[in-house]
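One structure is given below, encoded as structure tokens.
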Amino acid sequence: MQFLKLLFIRHAESTGNIERRMQGQGEYPLTKHGKHQAEKLGQALLKEGWIPTHVYSSPLRRTLQTTKLALAPFQSHPPAYISDLTNAPSTSDVDAEPVIITYMDDLKEFHNGIFQGLTWSEARIRYPDLCHKLESTPDWIPVPEAETLQEIRDRAHRFIQKILTRHRNGDRLWIVTHSGFLPHLIAEVLGVDRSWRISSHNTAMFEFWIDHDRWHLDNENRYNTDLWQIRRFNDYRHLTENP
């Protein structure tokens with residue numbers, strides 16, 4: 001049986017992560033450790049034979065670097081075998097041409113307005129009243145110049161609809177993005193009307209298989225778990241396993 005396979009990936013460790021900055025759409029490169037994480041991600045996926053037919057990435061520097069480093073082993077050492085025997089293409093079915101990375105603004109981290117680039121301590125000094133309000137209630141309080149939650153969710157919806165239009169069963173997608181945006185993407189794939197907080201380690205993978213041919217059917221197949229599969233969730237074993 002053929003599936004449309006979606007592999008969502010969080011970027012590797014960035015300098016902003018280490019400094020605990022609210023990175024937003026600011027440009028932060030990977031740390032040395034982050035580059036190693038991205039390389040291990042690529043090596044693990046190569047070993048699995050998880051060969052992408054298409055790669056989508058946020059264009060921000062930390063995701064751009066992660067994507068290129070993870071994809072590099074596939075360009076220089078094509079997989080010799082496929083470990084996933086379910087819907088697994090043979091290596092002869094895989095285009096030998098380099099996979100093109102499509103950079104999409106819709107995959108950027110949420111824009112956090114006046115907080116962008118600040119640590120929380122710096123924000124409390126610069127905007128004490130706003131930070132006090134945010135700390136004193138669980139309700140959503142808009143941050144000046146930032147995206148609204150609805151705008152973020154709309155971006156996620158727009159991206160998922162684009163890939164459902166462009167792709168079909170048999171396609172295998174890497175989608176490299178950010179921890180703050182991942183929950184909204186996953187909520188859109190799952191078809192839920194809330195966005196849930198989701199832990200995502202640097203270079204963690206979230207893998208979904210969907211039967212594209214039956215995606216839009218409004219019958220009991222919507223409840224058929226053979227057609228919609230969560231294959232892994234916040235999986236970063238590649239960072240802890242020995243090569």
Side-chain angles (χ1 to χ4, degrees), residues 7-46 55-73 101 103-128 130-132 134-135 140-141 143-147 149 152 155-156 174-186 195-207 232-243:
L7 187 67
F8 296 100
I9 302 169
R10 185 192 172 194
H11 66 78
E13 180 188 85
S14 68
T15 57
N17 290 149
I18 290 297
E19 296 168 3
R20 302 184 67 83
R21 297 196 176 277
M22 295 179 276
Q23 297 176 101
Q25 295 185 5
E27 293 288 12
Y28 294 87
L30 297 185
T31 63
K32 181 178 180 180
H33 180 58
K35 292 177 181 178
H36 183 58
Q37 289 178 327
E39 289 168 353
K40 292 192 75 171
L41 169 67
Q43 291 161 5
L45 289 171
L46 178 71
V55 176
Y56 291 93
S57 175
S58 158
L60 296 179
R61 189 174 179 186
R62 54 196 184 273
T63 35
L64 181 154
Q65 288 182 302
T66 300
T67 303
K68 289 186 174 180
L69 288 168
L71 194 58
I101 304 171
Y103 297 104
M104 298 190 70
D105 286 344
D106 277 344
L107 290 174
K108 286 182 178 180
E109 183 61 286
F110 68 88
H111 196 300
N112 50 7
I114 60 174
F115 285 163
Q116 183 167 290
L118 302 179
T119 66
W120 187 247
S121 295
E122 291 169 345
R124 291 179 72 181
I125 293 170
R126 193 173 298 186
Y127 307 107
L130 176 57
C131 289
H132 176 70
L134 291 167
E135 291 173 328
W140 177 257
I141 295 176
V143 172
E145 302 174 25
E147 284 184 284
L149 287 178
I152 298 167
R155 274 205 285 129
W174 288 8
I175 300 160
V176 189
T177 185
H178 305 263
S179 61
F181 192 55
L182 268 168
H184 303 283
L185 282 173
I186 291 171
S195 295
W196 296 75
R197 181 181 293 277
I198 296 170
S199 295
S200 59
H201 197 281
N202 289 114
T203 69
M205 295 178 283
F206 301 78
E207 183 173 355
R232 53 182 148 192
F233 208 86
N234 194 28
D235 178 11
Y236 56 94
R237 287 173 292 175
H238 53 280
L239 299 183
T240 58
E241 293 175 345
N242 292 323

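None of these values were measured; they are calculated from a predicted model.
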| So with a 6.0 Å cut-off around OH of Tyr236, is the heavy-atom count from everything else above 12? | no
| message | Tell me if the NE2 atom of His111 is crowded by more than 12 foreign heavy atoms within 6.0 Å. | response |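 Yes, enclosed.
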From [atom1] ([X]) to [atom2] ([Y]), nearest 0.5 Å:
{"X": "Ser200", "Y": "Met205", "atom1": "OG", "atom2": "CE", "value": "13.0 Å"}
{"X": "His33", "Y": "Thr15", "atom1": "NE2", "atom2": "OG1", "value": "14.0 Å"}
{"X": "Ser195", "Y": "Leu185", "atom1": "OG", "atom2": "CG", "value": "9.5 Å"}
{"X": "Thr203", "Y": "Ile9", "atom1": "OG1", "atom2": "CD1", "value": "8.5 Å"}
{"X": "Asp235", "Y": "His201", "atom1": "CG", "atom2": "NE2", "value": "11.5 Å"}

Below 4.5 Å, heavy atoms only, C-beta onward: do [X] and [Y] meet side chain to side chain?
{"X": "Val143", "Y": "Tyr127", "answer": "no"}
{"X": "His11", "Y": "His178", "answer": "yes"}
{"X": "Tyr56", "Y": "Tyr103", "answer": "no"}
{"X": "Arg10", "Y": "Asn202", "answer": "yes"}
{"X": "Leu134", "Y": "Phe115", "answer": "yes"}
{"X": "Phe181", "Y": "Leu107", "answer": "yes"}
{"X": "Gln37", "Y": "Leu239", "answer": "yes"}
{"X": "Phe206", "Y": "Ile198", "answer": "yes"}

| query | With a 6.0 Å cut-off on ring centres, are Trp174 and Phe8 close enough? | reply |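 Ring-ring flag for Trp174/Phe8: false, centres at least 6.0 Å apart.
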| request: Any chance you could lay out the side chain to side chain contact (heavy atoms under 4.5 Å, CB included) test for Asn112 and Glu147, step after step, and finish with the verdict? | output: CA-CA 6 Å; Asn112 50 7; Glu147 284 184 284; over 6 Å; no
| request: Look at Arg232 together with Glu207 and state whether they make a salt bridge at an N to O cut-off of under 4.0 Å. | output: yes
| field | Residues Val55, Ile175; criterion side chain to side chain contact (heavy atoms under 4.5 Å, CB included); working and verdict | value | CA-CA 6 Å; Val55 176; Ile175 300 160; over 6 Å; no
| query | Which pairs count as salt bridge (charged side-chain N to carboxylate O under 4.0 Å, His left out) when at least one residue sits in residues 103-118, sequence neighbours excluded? | reply | Asp105-Lys108, Asp106-Arg158, Asp106-Lys162
| task | Hey, could you give me each pair passing salt bridge (charged side-chain N to carboxylate O under 4.0 Å, His left out) that has a residue in residues 13-23? Not counting sequence neighbours. | result |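 Listed by first then second residue: Glu19-Arg21, Arg21-Glu122.
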| query | Quick one: does Gln116's side chain have a donor or acceptor within less than 3.5 Å of a partner on Gly24's backbone? | reply | no
| task | Evaluate side chain to side chain contact (heavy atoms under 4.5 Å, CB included) for Trp120 paired with Met22, printing each intermediate quantity in order. | result | CA-CA 8 Å; Trp120 187 247; Met22 295 179 276; 3.9 Å; yes
Donor-acceptor list for residues 64-73 side chains, cut-off 3.5 Å, not counting sequence neighbours:
residue	atom	partner	partner atom	Å
Gln65	OE1	Leu30	N	2.8
Thr66	OG1	Ala12	N	3.0
Thr66	OG1	Arg62	O	2.7
Thr67	OG1	Ser57	OG	2.9
Thr67	OG1	Thr63	O	2.8

| request: Check the pair Gln23 / Ser14 against side chain to side chain contact (heavy atoms under 4.5 Å, CB included), numbers first and verdict last. | output: CA-CA 9 Å; Gln23 297 176 101; Ser14 68; 2.5 Å; yes
